[in-house]
Student: 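Below: one structure in structure tokens.
Order of appearance sets the numbers: ligands from 1, and atoms from 1 within every ligand.
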Amino acid sequence: MQKNILKSGIELSEIGLGCMSLGTAYDHAESIIERAIEHGITYFDTADIYDKGVNEEIVGKALKKYQNRDDIVVGTKVGNHLQQDGSTFWDPSKKHIKSSVKKSLHRLGLDELQLYQLHGGTIDDPLDETISAFEELKQEGIVQAYGISSIRPNVIRYYLEHSDIETLMSQFNLIDNRPEALVDEIHAHNVKILARGPVFKGLLTANSNQALDNKFADGIFDYSYQELGETIASVKEVENNLTALTFNYLQSQNALGSIIVGASSVEQLDENIENYKAAKAIGVDQLKAARERVKDLNYTQHLQ
Ligand SMILES: NC(=O)c1ccc[n+]([C@@H]2O[C@H](COP(=O)([O-])OP(=O)(O)OC[C@H]3O[C@@H](n4cnc5c(N)ncnc54)[C@H](OP(=O)(O)O)[C@@H]3O)[C@@H](O)[C@H]2O)c1
């Protein structure tokens with residue numbers, strides 16, 4: 001498996017496991033994590049909020065026996081402040097970040113965290129306070145690198161220019177191609193993209209029709225349900241393997257760090273890895289032809 005290297009030297013497998021869809025049944029989740037490792041996946045994406053901390057516990061427990069391996073990398077996220085009643089509010093304060101990291105480390109069973117990411121946020125956040133929290137965690141040796149998860153151009157640009165983020169997580173796939181407009185800027189800052197939603201909840205898999213009906217009945221972005229169906233059919237005329245195509249598309253982006261794909265079963269993961277291998281056979285002209293059949297999407301909000 002190809003590895004992509006962050007500024008700090010941390011190496012991420014080009015396919016990362018999005019742990020959000022593992023579920024809360026430990027044995028089932030562990031079987032997916034085990035299979036990911038067999039496939040050469042060494043990057044695992046979680047967040048403090050996934051299943052209210054249970055996801056971090058599961059990831060930590062399943063990876064415990066690999067703690068002597070120095071190639072396994074775990075990234076988690078912070079910013080959604082969970083309250084006793086189960087509700088959350090957005091809290092990018094230094095106090096919250098610095099206390100939450102300890103709880104995440106405890107749940108993950110780790111002494112230090114390789115990658116800590118802000119889980120969203122707006123331009124109205126106390127941005128410099130948040131950045132200074134992550135910087136302090138780095139200086140204290142608690143965190144090796146930090147990043148943000150955002151789809152807001154104004155926030156992304158602020159962090160690119162005023163912080164030392166190493167990763168930017170955004171939804172990015174052949175249909176949601178909005179991040180394309182930012183790739184050169186991200187690359188210029190030597191920041192790597194963690195592409196989440198790469199198979200767009202199943203829309204870009206062999207299970208496309210079912211995902212379209214079940215998850216995109218109201219359309220998405222500039223696409224009506226019907227347009228989305230027609231677009232998928234048209235792209236399939238170029239290349240029937242939609243997952244290989246979207247992976248190849250993401251690999252063609254300069255700043256790619258890792259394709260963070262979710263899987264709720266071992267079979268889905270196996271299929272995704274097969275298609276990652278198949279992505280190599282897709283040619284530049286084929287990708288260009290497929291790209292021309294989807295809309296050019298642009299971010300329309302949070303620009304300034
Ligand atoms: N703001 C953030 O930072 C943020 C937000 C969202 C996600 N994430 C991270 O990114 C990861 C991936 O995001 P995502 O889950 O939205 O996107 P995704 O990887 O595009 O979609 C994963 C889902 O697609 C379906 N799927 C995957 N492989 C399949 C296959 N081979 N055949 C059929 N269906 C398949 C499954 O749905 P079913 O389970 O329904 O079958 C699976 O749960 C998450 O796990 C999480 O770690 C981060």
Side-chain angles (χ1 to χ4, degrees), residues 12-13 15-25 28-29 32-33 35-36 39 41 43-51 54-56 58-59 73-80 88 90 92 104 108 115-122 146-152 155-156 159 165 167-179 193-217 220 232 240-247 249-250 257-279:
L12 303 182
S13 50
I15 295 284
L17 185 67
C19 294
M20 189 178 76
S21 38
L22 291 179
T24 51
H28 177 73
I32 299 173
I33 290 173
R35 185 61 67 91
H39 282 306
I41 290 176
Y43 181 57
F44 296 85
D45 176 83
T46 180
D48 57 358
I49 202 70
Y50 296 165
D51 294 316
V54 174
N55 192 254
E56 284 184 332
I58 287 176
V59 171
V73 179
V74 175
T76 192
K77 313 187 198 82
V78 63
N80 293 294
T88 59
W90 180 242
S104 283
L108 288 163
L115 183 59
Y116 204 32
Q117 299 150 105
L118 186 69
H119 204 168
T122 74
Y146 66 93
I148 58 164
S149 177
S150 181
I151 52 168
R152 296 185 167 100
V155 173
I156 293 169
Y159 277 86
I165 54 165
T167 56
L168 164 68
M169 174 172 273
S170 281
Q171 180 164 281
F172 201 2
N173 59 56
L174 187 63
I175 298 290
D176 186 359
N177 49 41
R178 293 174 300 172
I193 296 173
L194 305 184
R196 69 171 169 88
V199 300
F200 219 0
K201 305 179 202 305
L203 186 69
L204 298 171
T205 68
N207 205 30
S208 187
N209 289 342
Q210 209 180 323
L212 178 69
D213 287 350
N214 294 343
K215 299 178 182 173
F216 296 91
I220 185 107
I232 293 293
N240 194 47
N241 188 335
L242 296 171
T243 306
L245 197 55
T246 192
F247 287 172
Y249 166 72
L250 292 168
S258 188
I259 298 168
I260 311 299
V261 65
S264 56
S265 68
V266 166
E267 291 73 25
Q268 285 184 353
L269 179 60
D270 286 347
E271 201 175 299
N272 295 339
I273 294 294
E274 273 313 303
N275 292 328
Y276 171 67
K277 291 174 187 160

Student: Is the backbone of Gly120 close enough, under 3.5 Å, to the side chain of Ser150 for a donor and an acceptor to pair up by distance?
Tutor: no
Student: Report the C-alpha distance between Leu194 and Phe172 in whole Å, list the side-chain angles of each, state the deciding distance to 0.1 Å, and finish with yes or no for side chain to side chain contact (heavy atoms under 4.5 Å, CB included).
Tutor: CA-CA 9 Å; Leu194 305 184; Phe172 201 2; over 6 Å; no
Student: At less than 4.0 angstrom from any non-hydrogen atom of Val199, what atoms of ligand 1 do you find?
Tutor: 18 (P), 19 (O), 20 (O), 21 (O), 24 (O), 27 (C)
Student: Looking at atom 19 (O) of ligand 1, what's its closest protein heavy atom, distance included?
Tutor: Gly262 N, 2.7 Å
Student: Please state which part of Gln117 comes within less than 4.0 Å of ligand 1, counting heavy atoms only: side chain, backbone, both or neither.
Tutor: neither
Student: Would you mind listing which atoms of ligand 1 come within a distance below 4.0 Å of any non-hydrogen atom of Val261?
Tutor: 19 (O)
Student: Can you report which non-hydrogen protein atom sits closest to atom 40 (O) of ligand 1, along with the distance?
Tutor: Lys215 NZ, 2.7 Å
Student: Check each atom of ligand 1 against the heavy atoms of Cys19 and keep those under 4.0 Å away; list them by number with element.
Tutor: 45 (O), 47 (O)
Student: Starting from atom 10 (O) of ligand 1, locate the nearest protein heavy atom and write down its residue, its atom name and how far away it is, to 0.1 Å.
Tutor: Arg196 CB, 3.4 Å
Student: Give the numbers and elements of all ligand 1 atoms closer than 4.0 Å to a heavy atom of Phe200.
Tutor: 20 (O)
Student: Determine whether the side chains of Ser104 and Asp48 contain a donor N or O and an acceptor N or O closer than 3.5 Å.
Tutor: no
Student: Can you pull out the closest protein heavy atom to atom 15 (O) of ligand 1? Residue, atom name and distance to 0.1 Å, please.
Tutor: Met20 CE, 3.9 Å
Student: Heavy atoms only: give me the nearest Ser149-Arg196 pair and the separation to one decimal.
Tutor: OG-NE, 4.4 Å
Student: Is a side-chain donor or acceptor of Gln117 paired with a backbone partner of Thr76 at a separation under 3.5 angstrom?
Tutor: yes
Student: Which atoms of ligand 1 are found less than 4.0 Å from any heavy atom of Glu271?
Tutor: 31 (N), 32 (N)
Student: What is the closest protein heavy atom to atom 13 (O) of ligand 1, and at what distance does it sit?
Tutor: Gly197 N, 3.5 Å
Student: Quick test: of every protein heavy atom, which one is nearest to atom 23 (C) of ligand 1, and how far off is it to 0.1 Å?
Tutor: Lys201 CA, 3.9 Å
Student: Supply the atom-to-atom distance Leu118 CG to Ile165 CD1, rounded to the nearest 0.5 angstrom.
Tutor: 10.0 Å
Student: Look only at interatomic distance and state if Gly18 has a nitrogen or oxygen under 3.5 Å from any nitrogen or oxygen of ligand 1.
Tutor: yes
Student: Any N or O of Asn207 that comes nearer than 3.5 Å to an N or O of ligand 1?
Tutor: no
Student: Provide, to 0.1 Å, the distance between atom 34 (N) of ligand 1 and the closest protein heavy atom, together with that atom's residue and name.
Tutor: Gln268 NE2, 3.4 Å
Student: Side chain, backbone, both or neither: which part of Gln171 comes within less than 4.0 Å of ligand 1 when only heavy atoms are counted?
Tutor: neither
Student: If you count the atoms of ligand 1 from 1 in the order shown, which ones are under 4.0 Å from a heavy atom of Ser149?
Tutor: 1 (N), 2 (C), 3 (O)
Student: For Leu22, does its backbone N or O pair with a side-chain atom of Ser264 as donor and acceptor, under 3.5 Å?
Tutor: no
Student: Below 4.0 angstrom from a heavy atom of His119, which ligand 1 atoms are there? Numbered from 1 as shown, please.
Tutor: 1 (N), 2 (C), 3 (O)
Student: Identify the protein heavy atom lying closest to atom 8 (N) of ligand 1, giving its residue, its atom name and the separation to 0.1 Å.
Tutor: Tyr50 OH, 3.3 Å
Student: Taking all atoms of both residues into account, what is the closest heavy-atom pair of Ala36 and Phe44, and its distance?
Tutor: CB-CE2, 4.1 Å
Student: Between atom OG of Ser208 and atom NZ of Lys201, what is the distance when rounded to the nearest 0.5 Å?
Tutor: 14.0 Å
Student: Report yes or no: does Ser13 contribute a side-chain atom to a donor-acceptor pair with the main-chain N or O of Tyr43 at less than 3.5 Å?
Tutor: yes
Student: Atom CD of Gln268 and atom CG of Asn207: how far apart are they, to the nearest 0.5 Å?
Tutor: 7.5 Å
Student: Where is the tightest heavy-atom contact between Pro198 and Ile260, given as atom of each residue plus distance?
Tutor: CD-O, 3.1 Å
Student: Got a donor-acceptor contact below 3.5 angstrom from the Lys77 side chain to the Tyr116 backbone?
Tutor: no
Student: What atoms of ligand 1 come within less than 4.0 Å of a heavy atom belonging to Ser264?
Tutor: 38 (P), 39 (O), 41 (O)
Student: Answer with side chain, backbone, both or neither: which part of Thr205 has a heavy atom less than 4.0 angstrom from an atom of ligand 1?
Tutor: side chain
